[in-house]
Trainee: 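Attaching a single structure in structure tokens format; questions to follow.
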Amino acid sequence: MLGRTGTFSGRCRFDLQQCCSFSSLQPPPDLPKHYYPAGSGDRNYRRGQEAGQMNSAQINRILKANEHSHKLPRGPASHGVLGFHSNMLPSNHPGEDRRSSATCLPGRGGVLLGVFDGHAGPACAHTISQRLFYYIAVATLPLRILAEIERAVEEERAVPPLLEWHKHPQDHSCPDGGAISFHSLRNYWQERLEDEALVNAFCRLDYDLSVEAQVHLRVSLPGEGLSLSNPLRVALSGCTACVAHISNGILHVANLGDSRAVLGVQEPNGGWSAVSLTNDHNAQNPDELQRILGEHPQSESRTVVRHDRMLGLLLPFRAFGDVRFKWSAEMLSRVYETRPDVMSAVSEAVRMLPPHYLTPPYLSAQPEVTRHCIRPSDKFLVLATDGLWELMHRQTVVQLVGEQLTGIQQQRPIVPSMGMTLGGLQHLLLERRGRVMSVLEDQNTATHLLRHALGDDGYGAVAPNRLAKMLSLPADLARRYRDDITITVIHLNEPDYNQKEFK
């Protein structure tokens, strides 16, 4: 066995050769019929407006359907991590985001947590969420332990587990294709380099996805195996990734794309500040823009990035998969001509050669890695896909988490300003009441952020009617207002306040 998984009800063993496949996040049972309905957009929009009257129980059922909390045992095995809160809210149907969390068991160990934002379908994000942590575990293991694992495989003995997974019961279910995954992982540990472990793990997994897809193209027959674990489907779709590895008080964040990691720091005066540990890999980042332009001839300077997108098509400049921006034009043409079955199963945008496709590869899977020594003032780390950051500024995110943890909303005195009217004072009181009710409602800090991101009234409180309308938008309209949102809040250090219970 190479891994084992823990859920709310206990632990069960997990074999990489039976690793999990896609299980779409579904709306919780007993919700109003307007949630993910079929039909015309106009009629659905009217139904969505009527749904703004949904009650608090229905709102909470949607918000909390995918929330997950895990508390780590105190002591060296936790590496300074108290636990984490996580949640996911899909906008696409099926949702394209994924999340993963696990503890590395052998060697120096460590805790791994990540969020993955898929595009052109969920296949790549799902596969990366299942396989990347194994590559990171192998990349960070001492060679002597890898040699012991290899001997066990050769002698057909039981292999010690590499990971203990911490999963929500709805996150994953089990697939085909595990033997290919295991074979690629074994090749990696046989050839592993010791330096730049996280970078190497990301790049090697992306390379393996490409090789597996090319092999599948040669040996498979049309119409054969169009599941989400189909290597061609995985390679043709793509995903960004933001992964935190915490070991013995040292935090490494490896980022690929436009998900983000933000550190919540408590200042000496009790206030909160946000420290970004990642950079977005897109056209809004001048350094990233110069990097990609510098990798291609001057004659392509006007076509490599058009309308702030790679070749006018893709927003992130780094991602797993997306071989339509990596393979040669000849290889892609072969796929388009010989595998119409696969083309029919992927996003329409993937079914043709990108314009001005002259000097591939254009897309990189090399992450940017940040190293940070965790300080006593570093209280939590927020990992989230871009769906959250499109709605909330990082300082607001940190402020909300910090205030929820300290319960400061219930303690802060209200000091009227000079000239404040009774109406202004009433507004302050209502704002405070809204904040307190929100804290009491959500023990899970990721859910707390979701509630505020969707229902913010512009004054720091949650407007129930706005929240209800945002949650009741039908599937064909929801994507116009927000993206899939996945959040993991990692709690660090021994707190000097009353720690929330991890359930």
Side-chain angles (χ1 to χ4, degrees), residues 19-39 41 44 48 61-68 86-100 114-131 167-177 209 225-241 257 259 316 319-322 341-351 384-388 390 446 450 454 470-488:
C19 68
C20 299
S21 78
F22 171 71
S23 173
S24 64
L25 291 174
Q26 299 293 340
D30 304 324
L31 286 180
K33 293 180 180 180
H34 56 260
Y35 198 78
Y36 289 158
N44 285 342
R61 203 172 299 128
I62 296 173
L63 282 178
K64 300 186 178 190
N66 300 303
E67 72 175 14
H68 179 34
S86 183
N87 205 340
M88 305 177 72
L89 185 68
S91 173
N92 295 289
H93 187 54
E96 296 178 339
D97 278 9
R98 293 292 183 274
R99 60 184 170 186
S100 291
V115 295
F116 309 91
D117 187 352
H119 47 265
C124 187
H126 181 76
T127 295
I128 297 301
S129 71
Q130 295 293 324
R131 295 176 59 178
K167 295 181 180 177
H168 185 281
Q170 294 181 3
D171 276 354
H172 311 290
S173 63
C174 287
D176 48 28
L209 295 181
L226 290 181
S227 68
L228 282 178
S229 60
N230 177 288
L232 271 175
R233 285 194 67 180
V234 171
L236 285 167
S237 62
C239 86
T240 66
S259 295
F320 283 107
D322 284 317
D341 58 318
V342 176
M343 291 299 103
S344 66
V346 298
S347 169
E348 184 176 350
V350 181
R351 300 175 192 173
T385 55
D386 65 335
L388 176 68
E390 290 171 356
L450 274 179
L454 299 179
M470 287 292 285
L471 289 175
S472 63
L473 288 170
D476 51 357
L477 283 178
R479 188 61 183 85
R480 302 182 191 178
Y481 291 87
R482 63 173 181 84
D483 197 355
D484 297 335
I485 302 174
T486 298
I487 307 167
T488 296

Trainee: Using only atom types and a distance under 3.5 Å, with no angle test, would you say the side chain of Arg482 pairs donor to acceptor with the backbone of Pro90?
Mentor: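 Yes, because the side chain of Arg482 sits within donor-acceptor range (under 3.5 Å) of the backbone of Pro90.
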Trainee: Restricting to side chain to side chain donor-acceptor pair (under 3.5 Å), what partner residues turn up for Ser86, sequence neighbours left out?
Mentor: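 Arg99, Thr488.
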Trainee: What distance separates Met470 CE from Leu450 CG, expressed to the nearest 0.5 Å?
Mentor: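 The CE atom of Met470 sits 11.0 Å away from the CG atom of Leu450.
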Trainee: Quiz question: by atom type and distance under 3.5 Å, do the side chains of Thr385 and Asp117 form a donor-acceptor pair?
Mentor: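 No.
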Trainee: Is any side-chain heavy atom of Arg480 less than 4.5 Å from a side-chain heavy atom of Leu473?
Mentor: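 Sidechains of Leu473 and Arg480: no contact.
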Trainee: Can you name the ring pair (Phe, Tyr, Trp, His ring centres under 6.0 Å) partners of Phe320, sequence neighbours left out?
Mentor: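 By the ring pair (Phe, Tyr, Trp, His ring centres under 6.0 Å) rule, Phe320 matches Phe202.
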Trainee: Checking Asp484 now: which residues fulfil side chain to side chain donor-acceptor pair (under 3.5 Å) with it, not counting sequence neighbours?
Mentor: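 Counting only residues at least two positions away or on another chain, Asp484 forms a side chain to side chain donor-acceptor pair (under 3.5 Å) with Asn92.
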Trainee: Determine yes or no for a side-chain-to-main-chain donor-acceptor pair under 3.5 angstrom, with Ser100 supplying the side chain and Ser129 the backbone.
Mentor: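 Judged by distance alone, yes, a pair lies under 3.5 Å.
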Trainee: Look up atom SG in Cys239 and atom CD in Glu96, then write down how far apart they are to the nearest 0.5 Å.
Mentor: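 These two atoms lie 10.5 Å from each other.
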Trainee: Report the C-alpha separation of Leu471 and Leu89 in whole Å, then their side-chain angles, then the decisive distance to 0.1 Å, and conclude whether the side-chain contact (heavy atoms from CB on, under 4.5 Å) test is met.
Mentor: CA-CA 9 Å; Leu471 289 175; Leu89 185 68; 3.9 Å; yes
Trainee: If we only count heavy atoms from C-beta on, is the His119 to Pro316 side-chain gap below 4.5 Å?
Mentor: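 They are in contact (side-chain heavy atoms under 4.5 Å apart), so the answer is yes.
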Trainee: Can you tell me how far the CG atom of Leu236 sits from the CG atom of Asn230, to the nearest 0.5 Å?
Mentor: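 Reported to 0.5 Å precision, the distance equals 9.0 Å.
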Trainee: Distance from Leu454 atom CG to Leu63 atom CG, nearest 0.5 Å?
Mentor: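 Leu454 atom CG to Leu63 atom CG measures 7.0 Å (nearest 0.5 Å).
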Trainee: So how far is it from Asp386 CG to Asp97 CG, rounded to the nearest 0.5 Å?
Mentor: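 Taking CG in Asp386 and CG in Asp97, the distance rounds to 8.0 Å.
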Trainee: Run the side chain to side chain donor-acceptor pair (under 3.5 Å) test against Asn87 and tell me which residues pass, sequence neighbours left out.
Mentor: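 Thr447.
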Trainee: What are the two closest non-hydrogen atoms of Ala120 and Ser237, and how far apart are they?
Mentor: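 Between these two residues, the closest heavy atoms are O-CB, 3.3 Å.
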Trainee: Tell me, please, which residues at least two apart from Asp483 pass salt bridge (Lys or Arg N to Asp or Glu O under 4.0 Å).
Mentor: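 Result, salt bridge (Lys or Arg N to Asp or Glu O under 4.0 Å) vs Asp483: Arg479.
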Trainee: Thr127: what forms a side chain to side chain contact (heavy atoms under 4.5 Å, CB included) with it, not counting sequence neighbours?
Mentor: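 Only Arg131, Leu209, Val234 meet the side chain to side chain contact (heavy atoms under 4.5 Å, CB included) criterion with Thr127.
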Trainee: Could you tell me which non-hydrogen atom of His168 sits nearest to which non-hydrogen atom of Glu67, and how far apart they are?
Mentor: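 Reported closest heavy-atom pair: CD2-O, 3.0 Å.
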